[in-house]
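So you know, we letter chains A, B, ... as the sequences are listed, proteins then strands, and number each from 1.
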Amino acid sequence: MTKALSAIRSVKGTRDLLPSETPLWQRVEEEARRVFDAYNFREIRTPVLERTDLFARSVGADTDIVTKEMYTFQDRDEESLTLRPEATASVVRAYIEHRLFNEGGVHKLYYLGPMFRRERPQKGRYRQFYQIGAEVLGSDHPTIDAEVLEMLTFLLARLGLREFSLLINSVGCGKCRPTYVEVLREALQGVKSQLCADCQRRAETNPLRVLDCKVEADQAQIARLPRIVDYLCADCRKHFDGVEAELAQRGVAYEINPRLVRGLDYYTRTTFEITSSGLGAQNALLGGGRYDGLSEMLGGPSSPGFGFAIGQDRLMLAVEHAGNLKGENSIAAYVAWLGDGAFRPAAELARGLRQQGWRVEIGYEPVKLSKSLSVANKLHARYAIIIGEGELASGRYQIKDMGTGRQEEVEPARVPAYLKEKLGTGPV
RNA sequence: GUGAGCGUAGCUCAGCUGGUAGAGCUCCAGACUGUGGAUCUGGAUGUCGCGGGUUCGAAUCCCGUCGCUCACCCCA
């Protein structure tokens with residue numbers, strides 16, 4: 001690594017997920033797919049690259065994401081393209097572009113993949129980060145909100161996570177939110193001088209953000225500010241009550257947090273977030289909400305939607321912290337052969353096992369048996385299959401259980417059946 | 001974009017108020033020429049992030065620079 005030419009390194013905020021960690025990522029992704037599938041969500045894959053305008057119009061031209069965090073460039077034909085900072089806009093774009101709404105009913109879609117935001121990296125935050133998300137398009141019924149939240153808590157439970165809290169709120173709609181913002185702005189004028197410098201600034205630029213302040217000294221004042229849930233219009237009120245009732249029916253534990261404000265412009269009514277401990281300052285594991293006006297903002301028909309995005313990088317931190325789920329890093333068998341005559345039969349055995357789906361490794365060079373077993377041990381092999389002159393002569397291979405150290409003799413043809421019996425139905 | 005901390009072996013780090021590098025782990029080999037994980041013995045690897053300055057002498061002090069980390073902002 002230390003040569004005259006400095007080695008090229010990965011781009012700031014991006015990282016390599018090495019084989020030591022990908023098994024756990026795969027486990028988490030499998031679990032998510034399984035749960036989404038059970039709730040009848042179908043996968044959608046959209047491009048990583050989109051027209052810049054898509055995000056300006058959906059996420060909001062004045063948001064931090066659009067004003068300073070996007071990876072945007074001019075394509076050769078001078079079109080402005082952007083590496084997606086999130087996927088909801090893309091999913092809705094695809095929904096409109098392919099006229100999925102004409103099929104009637106509700107569309108339940110999920111996705112997973114990398115997103116890009118040019119922020120300063122820190123714990124749980126990267127410039128290329130991964131999201132697992134889902135969207136329900138075509139209905140504004142509160143049951144949808146509740147069902148998705150139920151699904152999320154189920155998924156987290158499946159991942160062995162216990163310490164998390166579901167926070168929900170309603171941010172109203174285009175009718176009632178402006179009224180609230182005015183009320184809030186006025187209330188802030190009265191107490192502004194007692195708040196932190198950041199909040200004094202936010203009181204002018206983005207009053208809703210004050211609610212999200214984490215400065216301890218400000219909390220007392222913030223707690224006394226007007227709450228948006230008290231200013232909802234009749235329709236929004238009814239919707240929020242419906243969500244609450246459904247959550248209660250389903251036994252989903254939640255907490256109303258009137259200060260939960262999401263940063264993307266397209267949210268309406270229900271917003272939510274699940275936080276977890278052990279994630280550093282970025283304690284939001286996932287977030288989402290309703291976006292009933294997004295389709296129209298993107299030039300589609302009026303079509304309500306509800307969705308969420310899980311920060312997979314943060315989810316992985318939480319899963320590791322909980323320690324209840326682990327990735328598979330063992331192999332079923334290591335074929336240890338010794339003596340030139342043993343290689344051919346050993347390779348044949350390995351080929352047979354592999355083609356039946358067993359994860360198998362075999363040494364490529366003649367080495368001492370102790371070395372082979374040492375390698376088998378390092379690879380976390382469940383069994384070592386020993387093939388040498390004696391075994392070839394007797395027609396029975398030694399199969400050593402690497403956990404107990406016990407050995408049995410097994411005829412070559414019976415090895416697959418032996419592994420199946422010992423390791424269960426499926427290949428490792 | 002702002003702030004703070006840190007950059008010494010593959011990894012985790014030690015190296016006091018300057019005298020030109022060490023430990024543990026890992027790795028390799030052997031003890032044990034057909035039996036791993038334990039133990040013991042031996043061995044390998046560093047432009048001490050980079051550049052400059054102070055000094056007889058710098059890993060150590062100073063300046064700059066790059067990188068990483070954490071936090072702010074904001075979000076997943």
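At a threshold of 4.0 angstrom between heavy atoms, the contacts of Gly390(A) include nucleobase atoms, whether or not backbone atoms are also involved. Heavy atoms of Gln312(A) sit nowhere under 4.0 angstrom from any nucleic acid atom. Note on Phe116(A): nothing from the nucleic acid sits closer than 4.0 angstrom, heavy atoms only. Looking at heavy-atom distances under 4.0 Å, Leu286(A) makes contact with sugar-phosphate atoms alone, never a base. Using a 4.0 Å heavy-atom cutoff across all strands shown, Gly388(A) reaches at least one base atom of the nucleic acid. Nucleic acid contact class of Ala281(A) (heavy atoms, under 4.0 Å, all strands): sugar-phosphate only. The residue Gly124(A) sits close to a base: some heavy atom pair falls under 4.0 Å. Across all strands, Gly280(A) comes closer than 4.0 Å only to sugar-phosphate atoms, never to a base (heavy-atom distances). Within the nucleic acid shown, Glu389(A) comes within 4.0 Å of at least one base atom, counting heavy atoms only. Note on Arg9(A): only backbone sugar-phosphate atoms sit closer than 4.0 angstrom, heavy atoms only; bases stay farther off. Gly403(A) comes within 4.0 angstrom of a base, heavy atoms only. At a threshold of 4.0 angstrom between heavy atoms, the contacts of Ile386(A) include nucleobase atoms, whether or not backbone atoms are also involved. In this structure, Leu264(A) reaches the sugar-phosphate backbone alone: every heavy-atom distance under 4.0 Å involves primed, P, OP1 or OP2 atoms, never a base.
Residues Tyr397(A) and Tyr383(A) place their aromatic rings such that the two centres sit no closer than 6.0 Å. Between Phe41(A) and Tyr110(A), a ring centre-to-centre spacing not shorter than 6.0 Å is recorded.
G51(B) sits 36 Å from G43(B) when the C1' atoms are compared, rounded to a whole Å. Nucleotides U12(B) and C68(B) have their C1' atoms positioned 16 Å apart, rounded to a whole Å. C6(B) and G52(B) are spaced 24 Å apart, taking the P atom of each and rounding to whole Å. Comparing the same atom, C1', in A14(B) and in U8(B) gives a spacing of 10 Å after rounding to whole Å. Nucleotides A9(B) and U35(B) are separated by 33 Å at their C1' atoms, to the nearest Å. Across G67(B) and C73(B), the matching P atoms stand 24 Å from one another, rounded to whole Å. Using C1' as the reference atom, A31(B) and C70(B) are 48 Å apart when rounded to the nearest Å. The same atom, P, is picked in G53(B) and in U60(B); the two are 14 Å apart, to the nearest Å.
Between Arg382(A) and Asp401(A) there is no salt bridge, since no side-chain N of the basic residue sits under 4.0 Å from a carboxylate O of the acidic one. With salt bridges taken as basic N to acidic carboxylate O contacts below 4.0 Å, one links Lys108(A) and Glu147(A). Using a 4.0 Å cut-off between charged side-chain N and carboxylate O, Arg34(A) and Glu29(A) make no salt bridge. Taking 4.0 Å as the cut-off between side-chain N and carboxylate O, Glu408(A) and Arg406(A) do not count as a salt-bridged pair. Of the charged side-chain nitrogens involved, none lies within less than 4.0 Å of a carboxylate oxygen, so that Arg33(A) and Glu30(A) do not count as a salt-bridged pair.
A donor-acceptor contact under 3.5 angstrom links the side-chain atoms of Arg125(A) to the base of C74(B). A donor and an acceptor atom sit less than 3.5 Å apart, one in the side chain of Glu391(A) and one in the base of G34(B). Within 3.5 Å, no donor on the side chain of Gln122(A) pairs with an acceptor on the base of U69(B), nor the reverse. At a cut-off of 3.5 angstrom, counting only N and O atoms as typed in the model, there is no donor on one side facing an acceptor on the other between the side-chain of Asn377(A) and the base of G37(B). Between the side chain of Gln282(A) and the base of A71(B), no donor-acceptor pair under 3.5 Å is found.
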- Between Asp53(A) and Arg51(A), is a salt bridge (Lys or Arg N to Asp or Glu O under 4.0 Å) present by the stated rule, with each step listed? CA-CA 5 Å; Asp53(A) 210 31; Arg51(A) 291 190 160 78; over 6 Å; no

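Distance CG (Leu369(A)) to P (G34(B)): 7 Å, rounded to an integer number of Å. Atom NZ of Lys68(A) and atom P of U2(B) are 12 Å apart (whole Å). Between Leu373(A) atom CG and G34(B) atom C1' the separation is 9 Å, expressed in whole Å. Residue Leu211(A) contributes atom CG, which lies 17 Å from atom C1' of C73(B) at whole-angstrom precision. The CG-C1' distance, from Asn283(A) to C70(B), rounds to 15 Å in whole Å. Between the OH atom of Tyr126(A) and the C1' atom of C70(B) there is a distance of 12 Å, rounded to whole Å. The nearest whole Å value for the distance from the CD1 atom in Ile399(A) to the C1' atom in G34(B) is 17 Å. Distance CZ (Phe55(A)) to C1' (C74(B)): 18 Å, rounded to an integer number of Å.
Both Leu279(A) and Ile310(A) lie close to RNA chain B; mapped to their nearest nucleotides by heavy-atom distance, the more 5′-ward contact belongs to Leu279(A).
For the OP1/OP2 pair of C28(B) and a distance below 4.0 Å, the side-chain nitrogens and oxygens of Lys378(A) include at least one atom meeting the criterion.
Closest to the side chain of Lys368(A), from the set U35(B), A31(B), C70(B), is A31(B). Of the candidates U2(B), C28(B), U35(B), C28(B) carries the atom nearest the Lys371(A) side chain, counting heavy atoms from C-beta on. Distance from the side chain of Leu338(A) is smallest for G34(B) among the nucleotides A76(B), C74(B), G34(B).
For the pair Arg15(A) and Tyr126(A), the cation-pi criterion (under 6.0 Å, within 45° of the ring axis) is fulfilled.
With a cut-off of 3.5 Å on both pairing distances, the Watson-Crick or G-U wobble partner of G19(B) is C56(B). The pairing partner recorded for G37(B) is none, the criterion being a Watson-Crick or G-U wobble arrangement whose two distances lie under 3.5 angstrom. Base pairing of G67(B) is made with C6(B), judged by Watson-Crick or G-U wobble geometry with both donor-acceptor distances under 3.5 Å. Both distances falling under 3.5 Å, in either a Watson-Crick or a G-U wobble arrangement, place C11(B) opposite G24(B). When both pairing distances are held under 3.5 Å, C48(B) makes no Watson-Crick or G-U pair with any nucleotide shown.
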